There are 2 protein chains.
Amino acid sequence: MSWAKKKVTIKMVADQANVSKTTISRYLNGKYEFMSEETRERIEKAIEALNYHPNQIARGLKSKKSGTIGMIVADITTPFSSILVKGVNDICLGEGYQLMIANSDEDPRKEEEYIRSMLTRQIEGLVINSTGYNDDLIQQLRNEGIFVTYAERRPLNGQIDTVTIDNEHIIKYVLDKLYGSGFEEVAFFSQTINKNATRQIRKEIFQRMTCERGGDAEALFFQIDQEAFSYDKAIMGYLQENPQRSKAVITGNGVAMLDFLRACRRQNIEIPDQVGLCGFDDWGWTELVGAGISAIAQPTYEIGARAAEILIGRIHSGIDYKDPIEIELKAQFVERGSTQIILK
Amino acid sequence: MSWAKKKVTIKMVADQANVSKTTISRYLNGKYEFMSEETRERIEKAIEALNYHPNQIARGLKSKKSGTIGMIVADITTPFSSILVKGVNDICLGEGYQLMIANSDEDPRKEEEYIRSMLTRQIEGLVINSTGYNDDLIQQLRNEGIFVTYAERRPLNGQIDTVTIDNEHIIKYVLDKLYGSGFEEVAFFSQTINKNATRQIRKEIFQRMTCERGGDAEALFFQIDQEAFSYDKAIMGYLQENPQRSKAVITGNGVAMLDFLRACRRQNIEIPDQVGLCGFDDWGWTELVGAGISAIAQPTYEIGARAAEILIGRIHSGIDYKDPIEIELKAQFVERGSTQIILK
DNA sequence: CTGAAAGCGCTAACAC
DNA sequence: GTGTTAGCGCTTTCAG
């Protein structure tokens, strides 16, 4: 980089201001008590004149504080992830941290690679929307002085700070609502569960509550793999059983909702005439489809923001903890046309 | 962090393997020619035994290579930005770079703050989807040895690498299509332009082509501010002029399309019966709204990927350039029901 | 109030 | 083949 102007260092500022590097360093760290008014001003001028910006990398090497936080999301292309990122990013800006972000693409191997890469780059903490396959490695980070907060997907086991939503409460609310308004069968359509804790938890809650109502918890839960037309098959299968009953579906997240709607369109299934629908995640377009799609609006931004706050709090305190913080934020049901029952 | 295990350093590995730090360093950098087969194995064992991972921060301090790239997007919550991020992220993974990401929120002050913050953290390059207000600062980075690539939004002036789409070509294509199929007036609805180069360019192209067809280039271009019901007013105003003519609208990006559709719904405007619609950006839900929304699918992922490739290429070459690389990728028109003209 | 000196963890001449 | 030495840019004792 021969064409690059030499970067200005603390040494050059020291020379310019006619003091030692130490004093400049003190200045940079706001320890003004240790210098005369006059030197302070001289330093200020020198920094200004040279357009000096301290090298955070060098500072971090000595102080062991990189000032960066890592964040790994499972699929950055979903609005869910990007809003989560925004929440974390905003808090980081306020606290002076930079964000190192990676997209695991739901691939545990990539996830591990990113975690290790970020570790070598001395992140001070990690916010993760985890695939669920690297919980052991993540637990290990604790031993290296790295704090971790799980966002939305909790660890399957392990004592780590977590911010999720109150699935129990909102699923109960929606089931009550749907059955209460006359639907006779409510099914749940989930993406492949794998080790995804959120999907696992929603399944468990849905099946337990369905059971309590005397429903067929097994038959009404559909786990749908990412193959072509698998949603088509599932929805057709569901509607063919007990065709005289009025039915509704809850989809487990925004991506499942989109796939479900596409399948309905291909199969000419009318909503809510033939099947009611309530989805998790309320993204901008839900009101535009048909009579509007009812949805569970997750406080996605807040999940990210709270996770970042907790993480930074831990970093600042710097001490190990025995009791993890576990926060459950409330989700909200937004009612639209897709759950207005059409009586048969 | 009293509870943290002491991090293992190159010194400890050297002691364990009974060689000097230099030799370990050579090993880490793959310079196996400079050591015996036997020491190489000894080092391998020592690293394994101690679970050693080199500190990239320290390496970077000496070598002036942080191994991180910065990326700033204008609004991370739009699918456009997140897909762009994915493109960049994927290339970075392949090339061994970590991504430092920030969301400027279309705020030039935040954008500047992030740029400076990333600079102090020694990013080696920057991919930016810029607000357009910090072009001078960005140009300045070049003097500090930092390469920059603009993604999607080009600099208003300045000689910097850029990846955009071929707006000229696709806008011509869509206008031909719409007028060709019988629409008599085609308007363009854009978000507030400010210094956004893409919006500026689309406006210029649209107006020029409209002019060439003898249309009223001024009246047919709508710049719509982000106030409540401003889309409602614009669309109503457009439809009231020359009501006997069949009309269509092109929206300038995905966000504008969403706002436009919401306004139509509020005003009970039927698409395409009362107005045809073709939007920029083809996100998952377009096919689900009404008879399907026709859209210009931008190669968003490719924009990000190409931008990252170009940037990393520059970093590797390490030399200044006089001629910036300017790439224009092709967008594609996806035809759906919203542009099937209903003859009046 | 201020500075000299010794590192942080790693790399890179330059010797041997 | 391998080690010694001198830093990278900054912080931090420890002396004055």
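Since the model is a prediction, treat every value here as computed from it, not as a measurement. Protein chains get the first letters and strands the later ones, always in sequence-line order, with residue 1 at the start of each. Worth knowing before you read on, the calculation uses all heavy atoms, side chains too, and leaves out hydrogens, waters and symmetry mates.
Residues passing the side-chain hydrogen bond (donor to acceptor under 3.5 Å, both in side chains) test with A:E38, sequence neighbours excluded: A:R42. Contacts of A:R59 classified as salt bridge (Lys or Arg N to Asp or Glu O under 4.0 Å), with partners at least two apart in sequence or in another chain: none. With sequence neighbours left out, A:R116 forms a salt bridge (Lys or Arg N to Asp or Glu O under 4.0 Å) with A:E112. Here A:R154 pairs with A:E326, A:E328 under the salt bridge (Lys or Arg N to Asp or Glu O under 4.0 Å) rule; sequence neighbours left out.
Annotation for A:A151 and A:A307: closest pair CB-CB, 4.3 Å, computed over non-hydrogen atoms.
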Could you give the side-chain donor-acceptor pairs of residues 92-102 of chain B under 3.5 Å, partners two or more places apart or in another chain?
residue: B:Q98; atom: NE2; partner: A:S117; partner atom: OG; Å: 2.8

Would you give me the side-chain donor-acceptor pairs under 3.5 Å for residues 156-163 of chain B, sequence neighbours excluded?
residue: B:D161; atom: OD1; partner: B:R314; partner atom: NH2; Å: 2.8
residue: B:D161; atom: OD1; partner: B:I325; partner atom: N; Å: 2.7
residue: B:D161; atom: OD2; partner: B:R314; partner atom: NE; Å: 2.7
residue: B:D161; atom: OD2; partner: B:R314; partner atom: NH2; Å: 3.4
residue: B:T162; atom: OG1; partner: B:I160; partner atom: O; Å: 2.9

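In this structure, NZ of A:K62 is placed 8 Å from P of C:dG7, rounded to the nearest angstrom. Protein atom CD1 of B:I57 is 12 Å distant from nucleotide atom P of C:dG9, rounded to whole Å. Rounded to whole Å, atom C1' of C:dC1 lies 14 Å from atom CD1 of A:I24. The NZ-P distance, from A:K21 to C:dG7, rounds to 14 Å in whole Å. The interatomic distance linking B:K11 (NZ) with C:dG7 (P) rounds to 12 Å, in whole Å. The distance from atom CZ of B:R59 to atom C1' of C:dA12 is 13 Å, rounded to the nearest whole Å. If you take NZ of B:K31 and P of C:dT11, they are 9 Å apart, rounded to a whole angstrom.
Contact annotation: B:N29 side-chain N/O to C:dT11 OP1/OP2 distance is under 4.0 Å.
Comparing A:L28 and B:V19 by the nucleotide of DNA chain D that holds the closest heavy atom to each, the one mapping nearer the 5' end is B:V19. Each of B:S20 and A:V8 has a nearest nucleotide on DNA chain D; the 5'-most of these lies closest to B:S20.
B:Y32 comes within contact range of no nucleotide atom at all, as no heavy-atom separation falls under 4.0 Å. Across all strands, B:Y27 comes closer than 4.0 Å to no nucleic acid atom at all (heavy-atom distances).
Under the 4.0 Å criterion applied to side-chain N and carboxylate O atoms, B:R40 and B:E44 are assigned as salt-bridge partners. Ion pair B:E309/B:R306 flagged as a salt bridge, since at least one NZ, NE, NH1 or NH2 atom sits closer than 4.0 Å to an Asp/Glu carboxylate oxygen.
Counting only residues at least two apart or on different chains, the salt bridge (charged side-chain N to carboxylate O under 4.0 Å, His left out) pairs with a member in residues 14-34 of chain B are B:K11-B:D15. For residues 8-66 of chain A, the pairs satisfying ring-ring contact (aromatic ring centres under 6.0 Å, His included) are A:Y27-A:Y32, with sequence neighbours left out.
For the helix from C:dC1-D:dG16 to C:dC16-D:dG1, the end axes, each set by the C1' atoms of five terminal pairs, are bent relative to each other by 40° (nearest 10°).
A side-chain contact (heavy atoms from CB on, under 4.5 Å) with A:S130 is found for exactly one of A:L126, A:I128, A:N134, namely A:I128.
Annotation: proximity of residues 36-50 of chain A to DNA chain C (heavy atom, distance under 4.0 Å) is found for A:S36, A:T39, numbered in ascending order.
Taking the ring axis of B:Y321 as reference, the NZ or CZ atom of B:R142 stays within 45° of it and closer than 6.0 Å to the ring centre.
Nucleotides of DNA chain D that come within less than 4.0 Å of any heavy atom of chain B span, from the 5' end to the 3' end, D:dG1 to D:dG9.
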Please write out the pairs of protein N or O atoms and N or O atoms of nucleotides 13-16 of chain C separated by less than 3.5 Å, giving the distance to one decimal.
none

